[in-house]
Amino acid sequence: MEEMDLKEMFLAKLEREEAITRKAIERVPEGRNDWKPHEKSMELGYLAALVATMAGWIAFMVERDELDLTDPGNAGFRPQVMETQAELQAALEAAFARARKALEGTTEEHLMKPWRFKMRDQVASEEPRHIMLSDAVFSHLAHHRGQLTVYLRLNEAKVPAMYGPSADEFHGGATR
């Protein structure tokens with residue numbers, strides 16, 4: 001078996017995650033952006049935009065060495081709520097395309113270099129770029145995509161199968 005380098009691994013992971021994420025985004029109901037299951041929860045529209053665009057963070061993390069969320073110049077990093085399915089789909093396509101291009105253009109050496117997440121000029125976390133991509137993008141995306149499926153269920157939308165069967169797509173009924 002041939003060894004896979006980090007870049008190839010991330011590109012393969014990106015392809016799998018794009019298909020799964022698209023399935024979830026396709027189920028987001030229009031006209032429900034303000035809905036949230038609890039007063040402390042984020043609104044459906046923001047969560048859907050976050051899930052649709054999070055893969056774009058890969059480009060940001062490959063192209064820059066840090067992100068300070070409190071820097072006004074980074075305000076565009078936060079997702080903007082979209083009103084239609086078409087807008088969500090376009091945002092998803094653009095985010096995954098940016099991520100793919102950034103990964104295709106990077107090197108193994110660059111993926112080993114540190115990347116910092118900062119708040120008010122204080123380092124909140126700093127790890128090699130490949131660890132940050134794995135944790136802050138892919139694991140984080142899986143978390144919010146899972147959260148989105150709960151929102152879908154609570155809004156009577158069908159939940160797609162992702163890593164295994166879904167009660168809505170598995171003919172045996174509810175899964176445990």
Side-chain angles (χ1 to χ4, degrees), residues 6-62 67 69 76-103 111 115 117 124-125 127 129-170 172-176:
L6 287 170
K7 180 175 156 175
E8 291 171 350
M9 181 201 65
F10 282 130
L11 283 165
K13 176 84 170 150
L14 187 68
E15 186 174 325
R16 291 188 310 274
E17 294 297 309
E18 182 176 10
I20 295 167
T21 303
R22 182 177 292 108
K23 286 167 58 172
I25 291 298
E26 287 172 348
R27 307 287 174 96
V28 174
E30 289 185 2
R32 303 286 313 213
N33 279 349
D34 294 339
W35 184 89
K36 56 185 181 177
H38 187 274
E39 65 183 43
K40 292 182 181 179
S41 300
M42 66 179 79
E43 294 179 344
L44 174 59
Y46 183 83
L47 178 60
L50 180 62
V51 170
T53 61
M54 191 176 281
W57 295 5
I58 291 171
F60 192 86
M61 294 171 88
V62 167
L67 171 66
L69 272 184
F77 186 73
R78 295 185 187 271
Q80 300 300 309
V81 174
M82 293 158 235
E83 298 299 322
T84 68
Q85 240 323 299
E87 290 173 303
L88 280 170
Q89 291 294 326
L92 181 140
E93 299 299 329
F96 277 90
R98 281 192 313 276
R100 190 173 296 102
K101 183 178 179 185
L103 286 171
L111 292 172
W115 193 85
F117 176 62
S125 61
E127 295 286 342
R129 195 171 256 105
H130 70 93
I131 301 266
M132 295 299 282
L133 289 173
S134 181
D135 293 353
V137 179
F138 288 112
S139 293
H140 196 182
L141 175 58
H143 161 75
H144 283 303
R145 193 175 48 230
Q147 186 179 18
L148 180 60
T149 64
V150 172
Y151 281 42
L152 294 176
R153 173 71 69 225
L154 294 173
N155 277 274
E156 304 298 326
K158 290 187 177 191
V159 175
M162 292 188 191
Y163 296 109
S166 160
D168 293 324
E169 294 181 354
F170 181 67
T175 59
R176 291 181 189 235

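Atom CD of Gln80 has 12 or fewer neighbouring heavy atoms from other residues, nucleotides or ligands inside a 6.0 Å radius.
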Derivation of the side-chain contact (heavy atoms from CB on, under 4.5 Å) call for Leu92 and Phe96: CA-CA 6 Å; Leu92 181 140; Phe96 277 90; 3.9 Å; yes
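The minimum heavy-atom distance linking Ala95 with Ala52 is given by the pair CB-O, 3.7 Å. Shown here for Ala99 and Ala55, the closest heavy-atom pair between the two residues is CB-O, 3.3 Å. Across every non-hydrogen atom of Leu14 and Leu103, the tightest pair is CD2-CD1, 4.2 Å. Minimum interatomic distance between Met61 and Arg129 (heavy atoms only, all atoms of both residues): O-NE, 2.5 Å. Met162 approaches Ala24 most closely through the heavy-atom pair CE-CB, 3.4 Å. Minimum interatomic distance between Pro160 and Leu152 (heavy atoms only, all atoms of both residues): CD-CD1, 4.2 Å.
Not a single side-chain hydrogen bond (donor to acceptor under 3.5 Å, both in side chains) links Glu15 to another residue, sequence neighbours left out. Listed by chain and number, the residues in a side chain to side chain contact (heavy atoms under 4.5 Å, CB included) with Gln147 are Met42, Leu47, His143, His144, Tyr151 (sequence neighbours excluded). Partners of Thr53 by side chain to side chain contact (heavy atoms under 4.5 Å, CB included), not counting sequence neighbours, listed by chain and number: Pro79, Met82, Ala91.
Using modelled atom types, no side-chain atom of Glu17 and backbone atom of Lys13 make a donor-acceptor pair closer than 3.5 Å.
Each of Arg27, Lys158, Arg153 was checked for a side chain to side chain donor-acceptor pair (under 3.5 Å) with Asp168, and the lone residue meeting it is Arg153. Residue Leu111 is tested with Met132, Met9, His130 for a side-chain contact (heavy atoms from CB on, under 4.5 Å); the sole match is His130.
Atom OG1 of Thr21 sits about 4.0 Å away from atom CG of Leu141, to the nearest 0.5 Å. The structure places CD of Gln89 at 5.0 Å from CD of Glu26, a figure rounded to the nearest 0.5 Å. Once rounded to the nearest 0.5 Å, the distance linking CG of Asn155 with CZ of Arg32 reads 4.0 Å. The CD atom of Glu18 sits 12.0 Å away from the CD1 atom of Ile25 when rounded to the nearest 0.5 Å. To the nearest 0.5 Å, atom CZ of residue Phe138 and atom CZ of residue Arg145 are 10.0 Å apart. Here the OG-CD distance, from Ser134 to Glu127, works out to 11.0 Å after rounding to the nearest 0.5 Å.
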